[in-house]
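Within every chain, numbering begins at 1; the chains are lettered A, B, ... in the order of the sequence lines, protein sequences first and strands thereafter. Just so it is clear, the values below take in all heavy atoms, side chains as well, and ignore hydrogens, waters and symmetry mates.
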2 protein chains.
Amino acid sequence: MSVEIAERAGFCFGVKRAISMATEILDSHQDSTEPIYILGEIIHNPQTVEMLEKKGAISITEEDLEKVEPGKLILRSHGAPLEVIEKAKKLNFEIINTVCPFVKKAQIISNKHIESDYKIVIVGKKEHPEVKALLSHSGFKAQVIGSVEEIPNLNLTTDDDVVIIVQTTFSVREFKNIIGEIALLSRETKVYNTICNATFRRRKGALSVAQKVDVNIVVGGKNSSNTRELTNFLKDSGFLAYQIERPEELTKDLFTQVKKVGITGGASTPMWVIEKVKICIENILDSR
Amino acid sequence: MSVEIAERAGFCFGVKRAISMATEILDSHQDSTEPIYILGEIIHNPQTVEMLEKKGAISITEEDLEKVEPGKLILRSHGAPLEVIEKAKKLNFEIINTVCPFVKKAQIISNKHIESDYKIVIVGKKEHPEVKALLSHSGFKAQVIGSVEEIPNLNLTTDDDVVIIVQTTFSVREFKNIIGEIALLSRETKVYNTICNATFRRRKGALSVAQKVDVNIVVGGKNSSNTRELTNFLKDSGFLAYQIERPEELTKDLFTQVKKVGITGGASTPMWVIEKVKICIENILDSR
């Protein structure tokens, strides 16, 4: 076989759950006139958002909430900030929160430390919706850092006790460095390893295929953090890897002198997109 | 100046305290017939042990406790295992425990977690007296590791909550790596940074001198963990460094084509030994 899909590619548990919740609501309300909205991207995958829109979902932003007629409001799997949920409730939206249970766990930890003397540190990308929601769950008490270089901004002293929570799809390598540095700068450090297990398993699967092939294609949304990290992980491990969002992005140039190709995908990448990429690559290899 | 002693070389707070406690007891009992014992090395420095023996202290081992006439028993600054303290008390020794307050803090943390569901991990050298005492204070519930390579022995799962305590003189770099790895293998990790502040300050002082000299002489007991780590730290930072215990070990060969020499010493190295080393090096440089 010249094209192989890695084990554990495609939807993780939390994404599967979010999409099935949304699909179920949309399917069972085909005859209803009540509008069903999705706030932002339910998952970081444009094909899935398109699919849900075809089923009748209306994509809106937080600013739109006050402008539209209230209805059902599907919230993203990355979790939503508490104040957005409150605002939507006040405006009489019915909330369907698809937050991933693993993200929810991190939110509960963040929330549990609001009243404590611990400094709360969220390790993640400031602009990622999961991180924004986590920050809201800490009562905006947490500080967010995304790299070792930002640690000095925390102004830690050896009298400080610190709680560290991490974005479920954050880079394992960078997280390790950050933990070590913070633990040495503070008195007591409590680390909650909220990096998702699916992330580790997906990497293992991708690595196993990467060792057998000449080039790796990583499929996923351009703004999917876990897909980008998966691509970087393969590159950091010394393998050739390209990230694409759609089969149309594949060109012959990517496969010059290539015999075997590995494919993997992020947690928010539907298997049918991965399968389509596989067929497309097989066609390119055959047509040479 | 061709020979420079680094800032913060020599006795740390805990060592100063231990020696002044022991000296005081010995000096104030010069006319008493009650024997005064030291169990093991009060600090890892042979010159200091010799000095206390000259003042009348009798060095004994744990096995000797049952063989000698009871008297005052000076326990080391690294801390003593609880069962040894109990045994000595039962045998009617009067305990003078010189345990360093920073080591004591680590012991209290170790002790506090005996009844908890946390797995206790002591990061340190298995054979070091401080680590042996820490282990005893955990009710022998803790596991001891000294390197990243030993982490698999802990058999951690993502259901495990872990408490990490570290030998006060352990390698900062290795500790950082260990924390990161453990935090990723377990669910919750509580890290108590019990590496002593004096260790950091001493390194900073040594580094500052090392940048100005051609070779570094690190003075300290052969079995002094913090002295060995200090030497390794300088070597790892790219500097030429030799560890010696006594001035007699200095040879002309060490200073071939050397213009400037830096001297530093471990936490248990008396300043008079460091000064003697300085004079000895100056003589060697002058005689060339």
Side-chain angles (χ1 to χ4, degrees), chain A residues 13 101-102 105-106 108-110 112-113 116 118-121 123 147-148 151 154 156-201 203-204 229 233, chain B residues 13 101-102 105-106 108-110 112-113 116 118-121 123 147-148 151 154 156-201 203-204 229 233:
Chain A
F13 167 77
F102 298 113
K105 201 177 73 180
I108 291 169
I109 294 164
S110 185
K112 206 176 78 178
H113 288 87
S116 76
Y118 284 92
K119 280 195 172 179
I120 309 174
V121 175
V123 177
S147 66
V148 169
I151 292 178
L154 300 173
L156 294 175
T157 76
T158 45
D159 286 333
D160 282 326
D161 296 336
V162 180
V163 165
I164 304 179
I165 310 160
V166 57
Q167 183 183 336
T168 54
T169 52
F170 195 74
S171 151
V172 174
R173 187 182 297 196
E174 188 74 8
F175 184 50
K176 259 201 289 199
N177 292 338
I178 290 175
I179 299 168
E181 289 290 340
I182 290 182
L184 282 169
L185 290 171
S186 48
R187 184 171 60 179
E188 183 190 326
T189 313
K190 245 199 238 179
V191 186
Y192 291 91
N193 175 12
T194 45
I195 291 183
C196 180
N197 256 336
T199 304
F200 292 102
R201 286 197 293 257
R203 285 178 188 195
K204 220 174 144 187
E229 284 304 330
F233 169 73
Chain B
F13 167 76
F102 299 112
K105 200 178 73 179
I108 291 169
I109 295 165
S110 186
K112 206 176 77 177
H113 288 87
S116 76
Y118 285 93
K119 280 195 172 179
I120 309 173
V121 175
V123 177
S147 67
V148 169
I151 292 177
L154 300 174
L156 294 175
T157 77
T158 44
D159 286 333
D160 283 326
D161 295 336
V162 180
V163 165
I164 304 178
I165 309 159
V166 58
Q167 183 183 333
T168 53
T169 52
F170 196 74
S171 150
V172 174
R173 187 183 295 198
E174 188 73 8
F175 184 51
K176 259 201 289 200
N177 291 337
I178 291 174
I179 300 168
E181 289 288 340
I182 290 183
L184 282 170
L185 290 170
S186 47
R187 184 171 60 181
E188 182 189 326
T189 312
K190 243 197 236 181
V191 186
Y192 290 93
N193 175 14
T194 44
I195 292 183
C196 180
N197 256 338
T199 304
F200 292 101
R201 286 197 291 256
R203 285 178 188 195
K204 218 173 146 190
E229 284 305 329
F233 168 74

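Partners of A:Phe200 under the side-chain contact (heavy atoms from CB on, under 4.5 Å) rule, at least two apart in sequence or in another chain, are A:Val172, A:Ile195, A:Asn197, B:Leu184. With sequence neighbours excluded, the residues satisfying ring pair (Phe, Tyr, Trp, His ring centres under 6.0 Å) with B:Tyr192 are B:His113.
The 12-atom threshold is exceeded at OH of B:Tyr118, counting heavy atoms of other residues, nucleotides or ligands nearer than 6.0 Å.
Note on residues 163-182 of chain B: pairs passing salt bridge (Lys or Arg N to Asp or Glu O under 4.0 Å), not counting sequence neighbours, are A:Lys176-B:Glu181, A:Glu181-B:Lys176.
Across A:Asn193 and B:Ala183, no two heavy atoms sit closer than the pair CB-O, 3.2 Å.
Most heavy-atom pairs under 4.5 Å with chain A, from the set B:Ile179, B:Leu185, B:Asn177, B:Thr189: that is B:Thr189.
The interface of residues 156-171 of chain B with chain A, defined by heavy-atom distances below 4.5 Å, comprises B:Thr158.
Contacts of B:Thr194 with chain A are absent, with no heavy-atom separation under 4.5 Å from either backbone or side chain.
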